[in-house]
Amino acid sequence: MRILKLDEQSRANILSDLLKRDPNNYTQYEDTVGEIVASVKEQRDAAVFAYEEKFDGVKLDPTSIRVTDEEIEEALREVDPSLLTVIKKSMKNIRAYHEKQKRTSWFDVKPDGTILGQKVTALSSVGVYVPGGKAAYPSTVLMNIIPAEVAGVPRIVMVTPPGKDGRVNPVTLTAAHLAGATEVYKVGGAQAIAALAFGTESIPRVNKIVGPGNIFVALAKKAVYGHVSIDSIAGPSEILVLADDSANPRYVAADLLSQAEHDELASAILVTTSMDLARKVSAEVDGFLGSLSRKAILEKSLDNYGYILVAESLDDAIETANEIASEHLEIVTRNPFEVMTRIQNAGAIFLGEYSSEPLGDYFAGPNHVLPTNGTAKFFSPLGVDDFIKKSSIIYYSRNALEAVHEDIEAFAKAEQLTAHANSIHVRFE
């Protein structure tokens with residue numbers, strides 16, 4: 001991996017480089033995605049079936065697009081029992097963590113005759129997109145469905161592209177069933193997002209769409225936003241390791257590679273105060289590359305967006321971590337908890353040498369759907385809050401309103417909204 005001295009110029013160059021991966025920059029695909037979305041909105045099932053045959057090589061119809069109970073039972077039989085045990089353990093941790101995020105309605109009753117409050121209501125329907133085909137991502141299924149189920153969403157719809165045989169991957173389907181999906185449809189890509197947003201004869205529309213996907217899925221979510229809510233427009237995966245000379249270089253190298261293997265746009269960055277650690281980590285990375293299965297992807301990812309930055313001080317390293325605002329941040333220093341208190345921007349923070357990033361991906365419980373491309377400066381991980389909505393509650397008795405009615409009327413008149421003022425005034429004529 002390339003080793004750079006951290007200064008203002010190198011930090012600015014890297015930030016600019018990382019932002020090139022933002023899905024919003026891939027405008028060359030927007031016309032194609034817009035055409036797909038418009039076709040599904042107008043032609044509904046017919047467009048979905050046509051695009052599935054074109055892109056996934058599968059012929060579907062109203063009788064085969066929805067996964068049946070028999071297909072779910074078949075999938076459950078096919079999954080390795082030991083994997084099923086692990087999935088259930090992971091589910092338990094994820095559910096326990098998200099249960100602590102649940103909100104309740106509240107009401108504040110005052111002696112003057114006013115009641116103010118907030119009513120919390122689960123969304124009535126949510127669509128979850130899960131990448132499919134040959135690949136299986138049961139962890140993604142759990143991370144998207146379980147928070148919705150904990151929030152109390154009654155209708156949780158999963159869409160995922162089928163394989164060439166017209167089946168959903170059995171591990172993906174099993175995870176969806178166990179997590180609480182109420183419906184599963186065999187459809188992927190931009191056409192799946194459009195179907196969820198606008199509805200078709202076979203797929204009723206939903207109120208919100210969550211879940212990761214390729215650039216076409218990301219741009220489709222952007223295109224339908226406003227017709228439905230979405231979680232975010234996710235970019236490529238990324239990790240930043242913040243380390244001092246106490247870190248184990250072999251562990252750090254392994255953790256950097258754990259994210260670099262996702263795809264050629266993934267980012268893996270080490271920011272350290274130790275040049276000795278930097279050199280050792282670079283050597284360990286080279287050693288690992290010879291034995292890992294996704295070597296070609298790893299090499300391109302590291303060539304494109306892999307850096308080892310050597311900072312003059314821990315203060316400079318922390319400032320850089322906050323500027324990059326990485327999706328995953330590992331802190332491997334002598335006192336990671338103290339450093340953590342100075343971190344403002346990160347999707348998920350992993351503390352100490354035994355809290356490797358894949359722990360969060362699969363098992364610990366916090367959600368692995370995280371803000372990317374610097375959006376951790378203003379976005380949060382997916383959670384129960386993403387599947388609820390809040391309504392304000394306002395009650396005033398006559399006496400309570402009478403005490404303030406002139407103030408309200410004066411405010412309304414100041415904005416030249418006389419009908420507003422009159423709405424209050426008529427009650428005290």
Side-chain angles (χ1 to χ4, degrees), residues 32-33 36-37 39-40 43-88 90-91 127-145 156-196 199-204 206 209-218 220 261-263 293-294 296-297 362:
T32 300
V33 170
I36 294 171
V37 170
S39 295
V40 172
Q43 301 172 28
R44 308 178 73 195
D45 267 0
V48 170
F49 299 150
Y51 285 124
E52 275 305 303
E53 185 170 5
K54 178 180 180 180
F55 296 130
D56 294 325
V58 178
K59 288 188 175 182
L60 297 172
D61 59 42
T63 65
S64 61
I65 191 170
R66 180 170 176 171
V67 170
T68 64
D69 291 342
E70 290 73 24
E71 288 175 295
I72 293 172
E73 291 170 6
E74 184 179 357
L76 287 166
R77 290 193 296 269
E78 291 182 29
V79 175
D80 185 291
S82 61
L83 176 58
L84 194 61
T85 299
V86 172
I87 289 174
K88 289 180 178 179
S90 177
M91 283 179 57
V128 174
Y129 186 93
V130 176
K134 293 181 180 179
Y137 299 100
S139 62
T140 297
V141 175
L142 304 184
M143 293 291 183
N144 282 275
I145 292 179
I156 305 172
V157 181
M158 189 180 88
V159 292
T160 187
K164 299 295 184 185
D165 58 0
R167 301 177 66 222
V168 173
N169 184 288
V171 177
T172 300
L173 187 52
T174 295
H177 173 69
L178 294 176
T182 56
E183 304 159 40
V184 180
Y185 294 95
K186 306 170 189 176
V187 55
Q191 62 271 24
I193 301 301
L196 290 172
T200 73
E201 294 90 341
S202 298
I203 306 175
V206 298
I209 302 172
V210 301
N214 62 19
I215 188 63
F216 295 97
V217 170
E261 75 171 342
H262 271 293
D263 61 60
S293 62
R294 295 168 71 88
I297 291 174
Y362 296 110

J.: Calculate, to the nearest 0.5 Å, the distance between atoms CD and CD1 belonging to Glu261 and Ile297 respectively.
T.: 8.0 Å
J.: To the nearest 0.5 Å, how far apart are CZ in Arg294 and CG in Asp263?
T.: 8.0 Å
J.: Measuring from atom OH of Tyr362 to atom CE of Met143, what distance do you get when rounded to the nearest 0.5 angstrom?
T.: 10.0 Å
J.: Roughly how far, to the nearest 0.5 Å, is the NZ atom of Lys88 from the OG1 atom of Thr174?
T.: 10.0 Å
J.: Could you report the tightest heavy-atom contact between Tyr137 and Pro131, atom names first, then the distance?
T.: CD1-O, 3.7 Å
J.: Mind checking what makes side-chain hydrogen bond (donor to acceptor under 3.5 Å, both in side chains) contact with Asp45, not counting sequence neighbours?
T.: Thr200, Ser202
J.: Check Pro170 against Val79 and note the closest heavy-atom contact, atom names and distance.
T.: O-CG2, 3.7 Å
J.: Is the side chain of Glu52 donor-acceptor paired with the backbone N or O of Gly188 at a distance under 3.5 Å, no angle test?
T.: yes
J.: Assess the residue pair Ile65 and Phe49 against the criterion (side chain to side chain contact (heavy atoms under 4.5 Å, CB included)); give the C-alpha distance rounded to whole Å, side-chain angles, the decisive distance to 0.1 Å, and a yes or no.
T.: CA-CA 9 Å; Ile65 191 170; Phe49 299 150; 3.7 Å; yes
J.: Is any side-chain heavy atom of Pro162 closer than 4.5 Å to one of Tyr185?
T.: no
J.: Does Thr172 reach the side chain of Met158, with side-chain heavy atoms less than 4.5 Å apart?
T.: yes
J.: Show, in sequence, the C-alpha distance, side-chain angles and deciding distance for Val130 and Asn144, and conclude whether the side chain to side chain contact (heavy atoms under 4.5 Å, CB included) test is met.
T.: CA-CA 9 Å; Val130 176; Asn144 282 275; 5.7 Å; no
J.: I need the minimum non-hydrogen distance between Gly163 and Val58, along with the two atoms involved.
T.: O-CG2, 3.1 Å
J.: Could you walk me through whether Ile193 and Val37 pass the side chain to side chain contact (heavy atoms under 4.5 Å, CB included) test, one step at a time?
T.: CA-CA 8 Å; Ile193 301 301; Val37 170; over 6 Å; no
J.: Please report the closest heavy-atom contact between Thr160 and Gly132, naming both atoms and the distance.
T.: OG1-CA, 3.6 Å
J.: Can you name the closest pair of heavy atoms from Ala190 and Val33 and give their distance?
T.: CB-CG1, 4.4 Å
J.: Are Tyr51 and Ser39 side-chain neighbours, meaning at least one heavy-atom pair lies under 4.5 Å?
T.: yes
J.: Taking all atoms of both residues into account, what is the closest heavy-atom pair of Val141 and Ala175, and its distance?
T.: CG1-C, 3.7 Å
J.: I'd like to know if the side chain of Ser90 and the backbone of Val86 have a donor-acceptor N/O pair within less than 3.5 Å.
T.: no
J.: CG/Asp56 to NZ/Lys164 distance, rounded to the nearest 0.5 angstrom?
T.: 6.5 Å
J.: Could you grab the distance from atom CD of Glu71 to atom CG of Leu76, nearest 0.5 Å is fine?
T.: 12.0 Å
J.: With heavy-atom distances below 4.5 Å as the criterion, would you say the side chains of Leu84 and Leu178 are in contact?
T.: yes
J.: Under 4.5 Å between any side-chain heavy atoms of Ile72 and Leu173, yes or no?
T.: yes
J.: Mind checking whether Ser64 and Lys59 have side chains closer than 4.5 Å, heavy atoms only?
T.: no
J.: Is there a side chain to side chain contact (heavy atoms under 4.5 Å, CB included) between Gln191 and Lys54? Walk through the geometry before answering.
T.: CA-CA 11 Å; Gln191 62 271 24; Lys54 178 180 180 180; over 6 Å; no
